Amino acid sequence: MRAVLPFLLVLAAALVLPHVTNDYWVLIATRAAIYWVLVSGLNLVVGFAGQLAIGWVALLTLGAYTTSVLVAGTVTPAVPPLLALGAAGGVGAVFGVVVGLPALRLRTFYFAMTTLGFATIVTQVALAWQSVTGGGIGVAGPVLPAPFDTSYGFYLFCLGLAALCTWMTANAAHSRFGRSLVAIRDAEVAAESIGIAKAGLLVTVFLFSGALAAIAGGLFATLQSYITPDAFTFDLSVLFFIAILIGGRGSVLGPLLATIILTVLPEFAAPLVAWSTFLYAALLLVIVLAVPGGIAALLDLGRRRPLESNRAIVPRPELLPGILDHGRAPSPILLRGVVLSFGGVRAIDGLDLTIDPGQVHGLIGPNGSGKTTTLNVICGFNAPEVGGVTLDGAPLLAGAPQTRAARGIARTFQTPRLIGEASVLDNVMVGGTIAGQGSFVESLLRLPRHHRDEAKAREAALLALRCVGLEMLAPVRADRLQHSELRFLEIARALMLRPRFLLLDEPAAGLSAEEIRRLGGLVTAIARCGTGVLLVEHHADLIFDICDQVTVLNLGRELAAGTPAEIRAHKEVVSAYLGA
Ligand code: ADP
Ligand code: MG
């Protein structure tokens, strides 16, 4: 309820506005509502998925022309305006994907440049294709049927649509899709390891965002009543983009307020029209420098109560059977004859390794001996030149890390990879992404399967947090946690996959002696539930205390393998590595 209140206030203000001001302000408010229809969708692309789509005005242009031309009936038989608006949404969806596709290959500025390039192309086509668009002379915008043909009626229409968009994008944001987008933005490698298929998710979001932008374009053409290519300026595109930055990424309310502010600002600054671009720039600089989290962070300040400083992590391994209840037939992960080089360096040099279910398998060796690379081969991040990995008699394909989660393999990272801006609970819930069954549309509309997915994921995440001893921190932002807590948090996220195999990369690094002891108890209990654990560690005590099997690597090769007692007695290991 507390989260919905600000939105209701904005809506109430918007409904009251026409009764307390004049037509001019209704016009401005209509414009803000139309911009928000576009920005709300773009927010999922920029604010959540972190893709720098700065040329999104292209889709507004496309939608404006599609609607206008269809309604004018110069090319096709005349189409009723509302139908034309829907058709524009369809065209926008297709081109949203076309503009977005480069994001699967290109990063940051390179992708930004392609969206700008597309915006230029659309404007140039609109100029050149005179028989359809009227070229530089332009084309008349559509007029909506009654009761939306008056300025007040049209305002209510746009407001209703804007409210619908707010509701849908907020629903998406608070679903497994929204969490996955943020994971792709802030922890891409971790996102892949929990089975998030980046390509499919981004295409879905580009589709949705493109459709909203084009519908906004149709409304824009209606509002302008006549459009020419120069109505769609680069400034407009910058406004959309900046609204999200100023509003704060990962928020819906922030960009909504920022869109309103940026639309209204030039009106107050009317005497300074020549300065309006300067004002945007100044506002952006102030926000980025003073409050990097944007308006959303400002609104959130009050909720940042200080955390207890001497808090202890007390795992409760006895709860683990509630999560790791997979009764699947035990079968080991097999690495056979794996060879992998980075340039001239042989990181792995003919390694055989068997990771049995229900056991803790220690993997030790000096720095640079290939331990992390071994994990990366199992998880599909590195492709071996020779040899391969199999599970249940089927190969684990190299170069497809997002397939590991479904095969029951979870991992943690040598440097924890978490979403600092998301809560601890969200960080764990994202680990259960692939368990969800509802589609993106079901989440947009809050249909029953969305509710079921959310309830299940939340319950599982709270249980996982209780297992590792972090449930008290569930609502806290992850970037406020201590290092040792991040390590346990990664384990909680990995548990969400109900893994048959759990690969831990130096989980004890940076932990206190007491925390290492508790970690040991937790890892042993995980193995006792039937999960096979591969434990990469430097703490010899921990390894010898809890491992059933130990493999010692040196220069990418197996130096020794056996029980902890055998390894402890191994002459070469003692002299080369243990050094005692
Ligand atoms: P460990 O985890 O045992 O400390 P790694 O598996 O990280 O060792 O590294 C094994 C060897 O491979 C090291 O010599 C390291 O420098 C090299 N290496 C690892 N990753 C890369 C990479 N992405 N590019 C080039 N060399 C790498
Ligand atoms: Mg390593």
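Order of listing sets the numbers, starting from 1, for every ligand and every atom in it. Remember, it's a predicted structure, so these values are computed and weren't measured experimentally. The basis for the numbers below is simple: all heavy atoms, side chains too, and nothing from hydrogens, waters or symmetry mates.
Between Leu181 and Leu202 there is a side-chain heavy-atom pair separated by less than 4.5 Å. The closest side-chain heavy-atom distance from Leu444 to Phe177 is not below 4.5 Å.
Ligand 1 lies out of reach of Gly365, whose nearest heavy atom is not under 4.0 Å from it.
Polar contact with ligand 1: absent for Ala347 (N/O pair, distance under 3.5 Å). Between Val345 and ligand 1, not a single N/O pair is under 3.5 Å apart.
Scanning the protein for heavy atoms near atom 10 (C) of ligand 1, the closest one is Gly368 O, 3.4 Å. Counting protein heavy atoms only, atom 20 (N) of ligand 1 is closest to Phe342 CE1, 3.4 Å. The single protein non-hydrogen atom nearest to atom 5 (P) of ligand 1 is Thr373 OG1, 3.5 Å, given as residue, atom name and distance.
A side chain to side chain contact (heavy atoms under 4.5 Å, CB included) with Ile355 holds for exactly one of Thr551, Val360, Ile333, Leu502; it is Ile333. For the side chain to side chain contact (heavy atoms under 4.5 Å, CB included) test with Val468, the passing option among Leu519, Val314, Leu489, Leu495 is Leu495; the others fail.
Of all non-hydrogen atoms in Ala383 and Leu340, the two that sit nearest each other are O-CD1, 3.6 Å.
Using a 4.0 Å cut-off between charged nitrogen and carboxylate oxygen, Glu421 and Arg185 count as a salt-bridge pair. Checked for salt-bridge contact, Glu490 and Arg493 meet the test: a charged N lies under 4.0 Å from a carboxylate O.
Within a 4.0 Å radius of atom 15 (C) of ligand 1, the protein contributes no heavy atom.
Under 4.0 Å from ligand 1, heavy atoms of Thr372 appear from its side chain as well as its backbone.
For the pair OE1 of Gln414 and OG1 of Thr372, the angle whose vertex sits at the Mg ion (ligand 2) is 80° to 10 degrees.
Near Asn367, meaning under 4.0 Å from any of its heavy atoms, are these atoms of ligand 1: 4 (O).
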